[in-house]
Structures are given as structure tokens and as C-alpha cells.
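These notes concern the structure reproduced below.
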2 protein chains.
Amino acid sequence: MSLKYMILGCLTEVPIHGYDMLRVIFRDFAEQGPEVNSGQLYTLLNRLEAEGLVEREVVQQDKAPNRKLITITPQGREEFYQWLRSDAAEREYIRYDFFHRYGFLYKVNHFNKMSREERLDKVDQQLAQMEEKLANLESAWTDMSQRGKDPYRILILEYGIEAQKTKIQWLKRLREAVSSAAALDSDESQ
Amino acid sequence: MSLKYMILGCLTEVPIHGYDMLRVIFRDFAEQGPEVNSGQLYTLLNRLEAEGLVEREVVQQDKAPNRKLITITPQGREEFYQWLRSDAAEREYIRYDFFHRYGFLYKVNHFNKMSREERLDKVDQQLAQMEEKLANLESAWTDMSQRGKDPYRILILEYGIEAQKTKIQWLKRLREAVSSAAALDSDESQ
DNA sequence: CCGATCATGTAACGGGTTACATGATTTC
DNA sequence: GAAATCATGTAACCCGTTACATGATCGG
């Protein structure tokens, strides 16, 4: 379970309440803010509390709905640091992981079953999407470096940007291949 | 469900039996052959058969365990082509997907909680793993192009190789940052 | 007053993993 | 005769998603 350690890691830095965590953690994974997956968060939080890794305290707010401030317990902190130092989650057994979960690539795998127009269409759409995403990442970078965030976190974002650029460059090559080659119109495989 | 379409896609090209599919499909995702996730395959296959998308026929083999040859039905083929042409599975809503599921990156996010030695250690390990993986991908490429496979499939592999190189380059930059900078030893975050 | 946002939750489902069971055949 | 590989399967579990429910407060 990876979210568990995201939560604990987040809490090692500052106590926070659930809704804010949703915005902080999930905002970055799904494009827009909440209502994204409150489901998982609150149920996990229940479990973590039962396990004694976090504590929740109701904070009365006048003129606003009550919040529950979540703090990490010493055991929680302990477990997070142990995980952090272990080599858990660092190994990737998956050889073709770039392929895994990237539906578009899987469809390229079956391009020989599509017409040239269909291929071009798909590639162009993908390119547009990926370029938009790159722009997003880049503006996030500007934002982050202006706010003087932890340099490691900026570096992480820079990895994301590089990876995205690599993807785009490859998509352009793919586009070339689709648009130019009759030789690529092979039908058999294997 | 993505595996469903991997199976159907595989079957549009050639009838195959379950165990072979395990080797073909899963070999590429988990490093070594079966016994990897036979669980999912056979249960899914049951469902696909019940839905009339595939058919199974027992093939008696003397001097070997019986196999069940799986063929795709016209409905199965139909459904696969529809999926292929739709834009299903092509959109990525996840902004920081490069971060998602890449445990190592998440730990870099918490590098400020580790000593310089621990950081270097982690980075070096990761580098070694990623370089090994690159070598694997490259030998797979040699293999594939010698066997004259579908050019699109070779292109896909080339994307994997490029992505892996990007990762490695970044890891080297990260290593630099860790080994050289005292300035990076910031403690606060936010 | 209505809709948006803040804030917390439950229930059902679904895909995927792990672990286990079975049994044959080939190789050492 | 033991271990490895071929071949098919079941059951339990876990993580995550979807969909829904509740209720308060704020802006128009």
C-alpha cells in the first residue's frame, strides 16, 4: 500500500486535516481538486487510527464545518522512517513498465489493424494531450522554483518534465513513421 | 479492465492456449516466466467465455498435459476493434503520473529526512537497477529487429529505451546534486 | 434561496496479487 | 526418485474507484 506512506510522509511534516490532504495529495494525481477519492482516504485514515499510527482531534470552527486535525503518532513516524530507509517499493520487476498502463502504446501495438488515417488521428490527439500536459508541468515548475521549495522536489518535477519531453519527441517520430511509410503498412506480426 | 483487451488483442492474431499466453503476456511485465498470475488469467478467461467473446477447446496431447486452445469469437473480435478505435484508455488524467507508482521518486521527495550517505546509497542502487534494465531492453531490441518484427512494435520498444535513458540521465544529475551540494541539505519543506 | 465549496464519511464493486491445489511429463 | 516445467485452476485478500449520503457555510 503506497497511499499509506504518502499520508504518513505528509504528516511527518505538518498536521493536516483530511480535506486538505485530498487537495494536496490527490490534486496532483487527478487533474482537478476534490471530490476525488475521498472514499479511500477516510477509510484508510480510520484504519491508520485503529493501528495507532495517527490520531484525530476534532477542531471546532465557528462559521465553518468542523475539521478533524490529523497528527502522526511516534509509532507512525517510526513506521514511516523504517519504510523510507528500507528498499521497499524501489524495485521494479516490470520489464516493459513503460508499456504497462499506457493504453495508447498498447493501441500502437495494434496499428497494423488500423488505416493510415485512423493512425494519424490517434497520434495527433495523443500529441496534443501530451503537449498540454508538458505545459502544465512547466508552469508548475516556474511556480515551485519561485516559491523556493525543497530542491529535491524541484528535481523530481524536472524529471517529470524530461520524461514528458521524451514522450513527445517519440510521438513525433511515430507520426513521421505513420505519415511517410508505406513500408510500415505491414499486416503480419510476430 | 485492460487485461481483457490485451487478451482479445493477442487472440485476434493467433489462437493460443492459456499457459502460452501467460508466458507471452506476463513474461514481459514480470521479469521471469510463469508462475506469474495465473490466477487472474484463468478467471478472466472464464468470464470472457461466459460472455461469448472467446471459445475454448480441449486439445488432447499424448505425452503432455492437455491444453485448451482459446480462439476469439466474432463478437470478441468486434468488441476488440471497437475498443481499439474508441478513445478509451488513451486519456491520462493524472498530472504527476511519472511520480505515481514510482516508489523511488517518492522517497526522493523525502530525502531531506535522510543523511547524505543514505541518499547516495539509494541513488546508486537505483542507478544500477535502471542500467541493468536498459541493457535488457536493448538486447530485446536487437532480438526484435533481427527477427523483422512489426515496425510499430519495434518503435514501441524504442520508446521504452528512450524513456529509460532519460531516467538514467536524471538519476545521474540527482547523484551530482546529492554528492556535491551542502546547499541541498535543506531541512524545511512545505 | 440556490448552487458551489468545505468537510466527512459509507457501501458496493472490480481488477489485480498472493497463495495454494492438482496432476502430468521431462530432466538430472 | 526428486526437482523443474507444463498446464489449469480456486479462494482470499487488498487497493483503489465509483457512487452515494450528509450537512454546514459562503457568494450571488
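Chain letters run A, B, ... following the sequence lines, proteins first and then strands; every chain starts at 1. Only a predicted model underlies this, so the values are computations on that prediction, with no experimental measurement involved.
Whole-Å rounding puts the A:Tyr19 OH to C:dT8 C1' distance at 11 Å. A:Ile70 places its CD1 atom 12 Å from the P atom of C:dA7, with the value rounded to the nearest Å. Regarding A:Asn37, its CG atom lies at a distance of 11 Å from the C1' atom of D:dA19, rounded to whole Å. Look at CE on A:Met21: it is 16 Å from P on C:dC6, rounded to the nearest Å. Between the CD atom of A:Gln60 and the P atom of C:dC6 there is a distance of 20 Å, rounded to whole Å. As a whole-Å value, the separation of A:Asn66 CG from C:dT8 C1' is 10 Å. Here D:dT8 presents its C1' atom at 15 Å from CG of B:Leu44, a figure rounded to the nearest Å. Taking atom CG of residue A:Leu22 and atom C1' of nucleotide C:dC6, one finds them 11 Å apart after rounding to whole Å.
When each of A:Leu41 and B:Arg67 is assigned the nucleotide of DNA chain D bearing its nearest heavy atom, the one mapping closer to the 5' terminus is B:Arg67. Place B:Leu45 and B:His100 on DNA chain D by their nearest nucleotides, and B:Leu45 ends up nearer the 5' end.
Note on B:Arg56: a side-chain N or O is less than 4.0 Å away from OP1 or OP2 of D:dG9. Residue B:Arg23 places at least one side-chain N or O under 4.0 Å from the OP1 or OP2 atom of D:dC6. Applying the 4.0 Å criterion to OP1 and OP2 of D:dC15, one finds that A:Lys4 has every side-chain N and O outside that range.
Taking the side-chain contact (heavy atoms from CB on, under 4.5 Å) definition, one finds that A:Gln146 meets it with A:Thr142, sequence neighbours left out. A search for side-chain contact (heavy atoms from CB on, under 4.5 Å) contacts involving B:Ala140 returns A:Tyr96, B:Leu157, not counting sequence neighbours. By the side chain to side chain donor-acceptor pair (under 3.5 Å) test, B:Glu55 pairs with no residue at all, sequence neighbours left out. For A:Arg85, the salt bridge (charged side-chain N to carboxylate O under 4.0 Å, His left out) criterion is met by B:Glu118, not counting sequence neighbours.
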Structure string for DNA chain C in dot-bracket form, Watson-Crick and G-U at under 3.5 Å, | interchain: ||||||||||||||||||||||||||||

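Salt-bridge formation is detected for the pair B:Lys107/A:Glu90: a Lys NZ or Arg NE/NH1/NH2 atom is positioned less than 4.0 Å from an Asp or Glu carboxylate oxygen. We find that A:Glu131 and A:Lys167 are not joined by a salt bridge, their nearest charged nitrogen and carboxylate oxygen being 4.0 Å or further apart.
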Can you tabulate the close N/O pairs, meaning under 3.5 Å, that link protein atoms to atoms of nucleotides 10-15 of chain C?
{"unit_1": "C:dT10", "atom_1": "OP2", "unit_2": "A:Asn46", "atom_2": "ND2", "d": "3.3"}

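Geometrically, B:Lys4 does not engage B:Trp83 in a cation-pi contact defined by less than 6.0 Å to the ring centre and at most 45° from the axis.
Atom CZ of B:Arg47 sits in a crowded spot, with more than 12 heavy atoms from other residues, nucleotides or ligands closer than 6.0 Å.
In the model, B:Arg119 has no side-chain atom that pairs as donor or acceptor with a side-chain atom of B:Asn112 under 3.5 Å.
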